[in-house]
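Heads up: the structure comes next, in structure tokens.
Letters go in sequence order (proteins before strands), and every chain restarts at 1.
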2 protein chains.
Amino acid sequence: MTSEADLAWIASVVGDPARLRILLSLMDGRARTAKELAFLARIAAPTASGHLAKLLDSRLVAVEPQGRHRYFRIASPLVAQMVETMSAVAGDASPGDRRLRRIDPALAAARTCYDHLAGRLGVAIADALQARGHVAFGDGSGEVTASGRAFFAALGLDLAEAGHGRRVFCKPCLDWTERRHHIAGGLGAAFCGHCLSAGWIRRHRDSRAVEVSPEGRVALAELLGVDGQALTSGWPERAAA
Amino acid sequence: MTSEADLAWIASVVGDPARLRILLSLMDGRARTAKELAFLARIAAPTASGHLAKLLDSRLVAVEPQGRHRYFRIASPLVAQMVETMSAVAGDASPGDRRLRRIDPALAAARTCYDHLAGRLGVAIADALQARGHVAFGDGSGEVTASGRAFFAALGLDLAEAGHGRRVFCKPCLDWTERRHHIAGGLGAAFCGHCLSAGWIRRHRDSRAVEVSPEGRVALAELLGVDGQALTSGWPERAAA
DNA sequence: CGATCGCTTCGGCCGTGCGCGAAGCGTCCG
DNA sequence: CGGACGCTTCGCGCACGGCCGAAGCGATCG
């Protein structure tokens, strides 16, 4: 019952041509400003603003304000999958779909992004750390709380070293496949290095994919207080919301 | 470009609450009459008729007239998947979804329906035989063409025996998982028997699922002029349409 | 600290399309 | 062959919602 009404609402939101164009414009995973989206959807700025409000309200897109800009992006991979499935029904899948479908499953599960962790694993770690209050993400940056400093120190991470120099210490990085944030910066690199040296994850031979070892799964699950399976295959987002 | 317009059209079609209720009413795979759907969607008969016309036009539902009734059903598994994905986005998946997701993959690929073949295999066979003009489906019944009689005779099927008695000879049977037709009746049983005795398929131990042997895949692919992989995992429907 | 910029809110116009009652057409039954 | 039944088409009323111009708000920059 409640589900039917929600579904009708979602369907009506995506049913509008202009809103659909907005969603399609965001399907490459990038975040765009309202003005940009207004141009891409071929509507005036006020109209786009109204549409974006509805898309936000229905949780199809998410927003992150940065200064006087607001960057909009697809809220979750599930939304992207919905649009792709609708494209498939609408006829031959568009070229864009093909690319998105061909993501290597191993890369999507866990990989490195420069020197830190990304993919479902990276996002799950960021989720858990945020949920436990060890890190907090603000606008375009993040910070480590007092409990977080103790947490990472107990792991043996040298935070002073990680925060050294001109490098940003803790910063949310938009995950390409998950369309949500993982942790970059010196902290992300230090945590990734710890996982590697502890044998929790292994680098794949000739890819940025990483594999979580059985011991690593157990250790990370206990460390973060989450289900081990959810680390690389789950949808912890729902529970967090 | 063309794809965007098609997608917008599909989205607007499913975006209407009444049409969505119609689709949801059909999600169990059963075919229903217009009047039934009008009641389930809580709208008057003329309104439902208009909605059904749009749903037909956009190929989201299919219809088969039987006497003075018209039975509507979900057009393809892809459409069902679309509705399910939208439900997932809308919030907690409805109970109906769960059931549909839990279909045994082996059963969905190939199984017996009483004494004939069903699942993707059964539908692929029916598609191919119809495409090659060996069988033809009319309203609720089907018949074997002249070329079809020669085709089955060459296989060694005794059509006289299969058509014996009061049993219907060749009849389309709505496939539970594919929501499209496979071949039932004496002909369907005879063909299934031939596949078994030739070793093309094997019955699963304690399930109605059947497995296609490597030789069977080759033999059936050549016999029907289709890709071997498509027999149990493909989407030949698109090419046929 | 005023100017500029990005975005949202407000107000009013207008078109699309959903809704139903009544009538028309084809099918089945007694 | 007449009546019942199922479905569709026609016609019209009505309301919801998209659309934009102008104004308001907050933030940034010189």
Side-chain angles (χ1 to χ4, degrees), chain A residues 4-26 30-58 60-73 138-141, chain B residues 4-26 30-58 60-73 138-141:
Chain A
E4 178 190 314
D6 293 347
L7 180 51
W9 170 247
I10 293 290
S12 72
V13 168
V14 293
D16 178 78
R19 282 191 292 261
L20 190 62
R21 279 196 294 272
I22 291 179
L23 283 178
L24 288 173
S25 304
L26 293 171
R30 297 190 51 178
R32 298 179 201 280
T33 65
K35 198 174 200 177
E36 234 178 324
L37 291 171
F39 173 75
L40 290 170
R42 302 192 285 277
I43 49 181
T47 310
S49 186
H51 285 318
L52 287 168
K54 273 192 180 170
L55 287 167
L56 280 175
D57 189 45
S58 48
L60 292 179
V61 308
V63 66
E64 27 205 320
Q66 275 184 22
R68 55 182 166 184
H69 299 276
R70 295 182 81 198
Y71 284 92
F72 296 89
R73 58 176 174 85
D139 38 16
S141 67
Chain B
E4 177 190 315
D6 292 348
L7 180 52
W9 170 248
I10 292 290
S12 71
V13 168
V14 295
D16 178 78
R19 282 192 292 263
L20 191 61
R21 280 196 293 271
I22 291 179
L23 283 177
L24 287 173
S25 305
L26 293 172
R30 295 191 52 179
R32 297 179 203 280
T33 65
K35 197 175 200 176
E36 234 177 322
L37 291 170
F39 174 76
L40 290 170
R42 302 192 285 275
I43 49 180
T47 309
S49 186
H51 285 318
L52 287 168
K54 274 191 180 171
L55 288 167
L56 280 175
D57 188 45
S58 48
L60 292 178
V61 308
V63 66
E64 25 206 321
Q66 275 184 23
R68 56 181 168 183
H69 298 276
R70 296 183 80 198
Y71 284 92
F72 296 89
R73 59 176 174 83
D139 37 18
S141 67

Round to a whole Å and report the spacing from [atom1] of [X] to [atom2] of [N].
X       : N      : atom1 : atom2 : value
B/Phe39 : D/dG6  : CZ    : P     : 15 Å
A/Lys35 : C/dT4  : NZ    : P     : 14 Å
B/His69 : C/dC29 : NE2   : C1'   : 12 Å
B/Asp57 : D/dT8  : CG    : C1'   : 15 Å
A/Arg32 : C/dG6  : CZ    : P     : 17 Å
B/Leu56 : D/dT8  : CG    : C1'   : 12 Å
A/Leu37 : C/dG6  : CG    : P     : 14 Å

Can you tell if the side chain of A/Thr33 reaches within under 4.5 Å of the side chain of A/Phe72, non-hydrogen atoms only?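 Result no, sub-4.5 Å side-chain heavy-atom pair not found.
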
Between the two ends of the helix from C/dC1-D/dG30 to C/dG30-D/dC1, what is the bend in degrees, rounded to 10 degrees, where each end axis spans five pairs?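 The two end axes of the helix from C/dC1-D/dG30 to C/dG30-D/dC1 meet at 30°.
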
Within this structure, what is the [atom1]-[atom2] distance for the pair [X] and [Y], rounded to the nearest 0.5 Å?
X       : Y       : atom1 : atom2 : value
B/Tyr71 : B/Arg30 : OH    : CZ    : 9.5 Å
B/Arg73 : B/Glu64 : CZ    : CD    : 5.0 Å
B/Lys54 : B/Leu52 : NZ    : CG    : 12.0 Å

Taking only nitrogen or oxygen atoms into account, show me every contact under 3.5 Å that the protein makes with nucleotides 24-27 of chain C, one pair per line with its distance.
none

Just to verify, what does B/Ser49 make a side-chain contact (heavy atoms from CB on, under 4.5 Å) with, not counting sequence neighbours?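 Listed in chain order: nothing, the list is empty.
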
Among all residues two or more places apart in sequence or in another chain, which pass the side-chain contact (heavy atoms from CB on, under 4.5 Å) test with A/Ala44?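 Counting only residues at least two positions away or on another chain, A/Ala44 forms a side-chain contact (heavy atoms from CB on, under 4.5 Å) with A/Pro46, A/Thr47.
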
Per-nt protein contacts along nucleotides 12-21 of chain D (heavy atom under 4.0 Å; B base, S backbone sugar-phosphate only, - none) come out as ------SSBB

All side-chain hydrogen bond (donor to acceptor under 3.5 Å, both in side chains) counterparts of A/Arg70, not counting sequence neighbours: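 By the side-chain hydrogen bond (donor to acceptor under 3.5 Å, both in side chains) rule, A/Arg70 matches no residue at all.
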
Without placing hydrogens or testing angles, list every side-chain donor-acceptor pair under 3.5 Å for residues 8-25 of chain B, not counting sequence neighbours.
| from | atom 1 | to | atom 2 | distance (Å) |
| --- | --- | --- | --- | --- |
| B/Ser12 | OG | B/Ala8 | O | 3.4 |
| B/Ser12 | OG | B/Trp9 | O | 2.8 |
| B/Asp16 | OD2 | B/Ala18 | N | 3.0 |
| B/Asp16 | OD2 | B/Arg19 | N | 3.1 |
| B/Arg19 | NE | B/Val13 | O | 2.6 |
| B/Arg19 | NH1 | B/His51 | ND1 | 3.1 |
| B/Arg19 | NH2 | B/Ser12 | O | 3.4 |
| B/Arg21 | NE | B/Ala41 | O | 2.8 |
| B/Arg21 | NH2 | B/Ala41 | O | 3.1 |
| B/Ser25 | OG | B/Arg21 | O | 2.7 |

Quick check: closest heavy atoms across A/Ala45 and A/Ala38, and the distance to 0.1 Å?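 In terms of heavy atoms, the two residues are closest at CA-CB, 4.1 Å.
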
From the set D/dG6, D/dT8, C/dT9, return the single nucleotide nearest to any side-chain atom of B/Phe72.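 Taking heavy atoms from C-beta onward, the closest nucleotide is D/dT8.
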
